[in-house]
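In listed order, ligands and their atoms are each counted from 1. Only a predicted model underlies this, so the values are computations on that prediction, with no experimental measurement involved.
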Amino acid sequence: MCNVNIALLGFGTVGKGVFETLQTYKQRIERSIDADINVSTIVIQHPEKHRDYIPRTHITSDINAILENPDIDIVFEAIVGKEPAFTYTKQCIQKGKSVITANKEMFAHHGKTLKSLADEHHVALKYDATTAGGIPIIQTIQELLNMNSIQKVEAILNGTSNYILTSMRDKGISFDAALEEAQQLGYAEADPTNDIGGYDAFFKIMILSDLIYGDQPNWENVEIKGIADTSGHTAKKRGDKHEKIKQIATLYRSNKGIHAHVRPESIHNNHPLYSIEGVENAVHVQTDIIGGLTLTGPGAGAFPTASAMIEDLCIVMKEKRHHQLLQI
Ligand code: HSE
């Protein structure tokens with residue numbers, strides 16, 4: 001078996017989830033990719049906080065520890081926010097390293113640029129973990145819906161918002177109490193502004209737009225409304241009418257271009273997103289050949305996101321092998 005040397009960028013909820021999952025399922029993953037895994041380097045802002053926790057891994061704040069190490073093959077990028085994530089990802093690709101990212105904000109802004117750069121440098125760039133947590137929506141669209149033309153997407157893409165709306169309605173707790181629970185459970189970001197303001201779902205639907213339509217709508221024309229104004233009272237009242245308030249991200253194309261909006265909507269009980277509760281996410285795609293298709297699963301949290309990144313790792317390794325076979 002060969003060795004695959006891995007580096008992690010960022011060691012928050014997601015980075016730690018990836019590290020732990022790689023340890024817990026080491027044998028299964030190694031068997032699947034036919035290679036020994038070694039997490040050789042972690043780059044984080046405050047290395048001193050983690051050195052005792054991981055004795056055999058080089059922990060540093062210096063990105064050059066990855067860039068100047070030719071033995072590192074694959075980098076897991078789990079930083080929050082655009083920078084330094086974009087700069088580091090670009091540099092890793094330029095150094096010939098494959099990158100697997102979970103960073104939705106960075107990828108919504110720079111996905112297109114990074115995809116071209118990765119093609120230019122013949123490395124893999126995977127991003128299934130950016131959108132809908134553990135649901136394999138990116139790979140499904142990329143690999144399994146090539147002949148179907150997707151006309152419309154309606155999705156619940158923010159686990160925190162869905163968790164808050166569900167908890168206010170079913171448990172009768174306040175917005176703040178529900179948000180605090182979502183933070184404790186590792187669903188909400190450390191700064192939850194993007195979660196409850198609709199921006200997190202917006203970034204994710206923009207990533208889907210790039211993937212499905214090869215472009216994004218003009219961001220200025222996209223309505224983005226969060227759930228902060230939705231009270232527990234409103235959430236309950238709708239429930240009595242067989243409706244539920246859900247934070248819905250919508251994407252479609254018309255002859256005027258690509259359109260999207262993110263906002264709380266009242267969903268009737270015959271809608272495929274009606275039964276999606278708590279931290280669950282769901283993506284309902286309307287295609288010309290299949291008709292409607294809905295994928296559901298956990299949309300946030302350390303392990304669903306880690307799962308998406310490690311599934312990407314397996315695909316990168318398969319592609320590498322396939323590429324090597326073709327060169328023989
Ligand atoms: N804060 C995000 C959410 C995490 O609640 O959906 C997953 O991207």
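- Residues Pro264 and Gln247 come closest through the heavy atom pair N-OE1, 3.1 Å.
- Interface of Tyr187 with ligand 1, defined as ligand atoms under 4.0 Å from a residue heavy atom, comprises 1 (N), 2 (C), 3 (C), 4 (C), 5 (O).
- Here the two rings, on His109 and Phe203, have centers that are under 6.0 Å apart.
- A perpendicular orientation is assigned to the rings of Tyr187 and Tyr163, their planes being inclined by more than 60° (bins at 30° and 60°).
- With Leu9 as the partner, the side chain to side chain contact (heavy atoms under 4.5 Å, CB included) test is satisfied by one option alone out of Val43, Val99, Ile42: Val43.
- Those atoms of ligand 1 that come under 4.0 Å of a heavy atom in Thr160, given as number and element, are 1 (N), 3 (C), 5 (O).
- For the atom pair NZ of Lys246 and CG of Leu273, the computed distance is 8.5 Å after rounding to the nearest 0.5 Å.
- In terms of protein heavy-atom proximity, atom 6 (O) of ligand 1 is nearest to Gly159 N, 2.8 Å.
- Atoms of ligand 1 lying under 4.0 Å from at least one heavy atom of Glu189, given by number and element, are 1 (N), 2 (C), 4 (C).
- Going from atom CG of Leu145 over to atom OG1 of Thr140 covers 7.0 Å, rounded to the nearest 0.5 Å.
- By the criterion of a heavy-atom distance under 4.0 Å, both the backbone and the side chain of Asn158 are placed next to ligand 1.
- The shortest separation from a heavy atom of Gly133 to ligand 1 is not under 4.0 Å, leaving the residue out of contact.
- Numbered from 1 in the order shown, with element, the atoms of ligand 1 that lie under 4.0 Å from a heavy atom of Asp195 read 1 (N), 2 (C), 3 (C), 5 (O).
- For Lys104, a nitrogen or oxygen atom sits less than 3.5 Å from a nitrogen or oxygen atom of ligand 1, counting backbone and side chain alike.
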